[in-house]
Amino acid sequence: MNVIFTAIFFLSLIFITVTAPDKLLTSLLGGAERSLSTALTLFCIYAVWMGLSRLAEKSGLSKGAARALTPLSKKLFKTDNPAAVENLAMNLSCNLLGIGGAATPYAVKAIDELEKDKNDRAQMLLFVINATSIQLIPSTVIALRAGAGSAAAFDIFLPSLICTIFSTAVATLLFLLLYKKRGK
């Protein structure tokens with residue numbers, strides 16, 4: 001992938017040098033400025049959500065969410081490991097809030113626990129669910145749109161909700177059907 005992006009960069013660099021050499025430096029500096037601004041916005045979003053996730057963990061809220069999601073987690077992921085269930089619940093709740101970056105550490109912890117149980121099915125299903133992730137509140141996209149000056153940053157809410165519910169449902173059903181078929 002690095003080779004492809006490097007090739008695209010150099011082709012673009014050659015193209016702008018030939019067509020508009022006076023705009024080369026302006027374009028490079030403008031792109032760097034926008035990249036830094038986006039990275040800083042994402043850093044702030046993740047810092048806030050990771051802090052809230054840590055507070056939820058310290059206050060016991062994550063254990064409460066895990067208890068509420070235990071029946072679903074046990075049935076869907078077929079695990080009785082309490083540490084795995086808690087991390088699965090936190091991962092799912094972060095994804096529901098649209099903060100996939102904050103969900104990643106919980107997915108890694110859940111995978112570690114599921115590996116101890118040799119539960120390959122649950123690991124694969126967690127990957128599928130994380131790849132599609134239902135987002136009740138696409139907070140990262142909303143914050144990026146607001147940071148970019150969108151007049152209606154929240155307009156992404158309903159389309160995002162519909163698409164993520166559909167994609168997660170289809171991906172999960174396909175996984176379960178193919179996994180069951182593979183087992184036979």
Quick one: does [X]'s side chain have a donor or acceptor within less than 3.5 Å of a partner on [Y]'s backbone?
X    : Y    : result
S37  : E33  : no
N130 : L126 : yes
D117 : N119 : no
T38  : S35  : no

Pairs where residues 76-96 contributes a residue and the test ring pair (Phe, Tyr, Trp, His ring centres under 6.0 Å) is met, not counting sequence neighbours: none
Is it possible for you to say whether [X] and [Y] belong to one hydrophobic cluster, with membership spreading through side-chain heavy-atom contacts below 4.5 Å?
X    : Y    : value
L176 : M124 : yes
I111 : F127 : no
F157 : I165 : yes
L76  : L178 : no
V108 : V128 : no

Inter-residue atom distance [X].[atom1] - [Y].[atom2], 0.5 Å rounding:
X    : Y    : atom1 : atom2 : result
L28  : L24  : CG    : CG    : 5.0 Å
F154 : S160 : CZ    : OG    : 10.0 Å
L144 : L42  : CG    : CG    : 4.5 Å
I129 : N91  : CD1   : CG    : 8.5 Å
K118 : Q123 : NZ    : CD    : 10.0 Å
S150 : D155 : OG    : CG    : 7.0 Å

Test item: [X] and [Y] side chains (from C-beta on) under 4.5 Å apart, heavy atoms:
X    : Y    : result
R121 : F175 : yes
S27  : I16  : yes
D112 : E115 : yes
T79  : L88  : yes
L11  : F15  : no

Residue pair A153 / R145: nearest heavy atoms and the distance that separates them: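 Minimum heavy-atom contact is O-NE, 3.1 Å.
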Evaluation steps, side chain to side chain donor-acceptor pair (under 3.5 Å), between T132 and T168: CA-CA 5 Å; T132 58; T168 301; 3.1 Å; yes
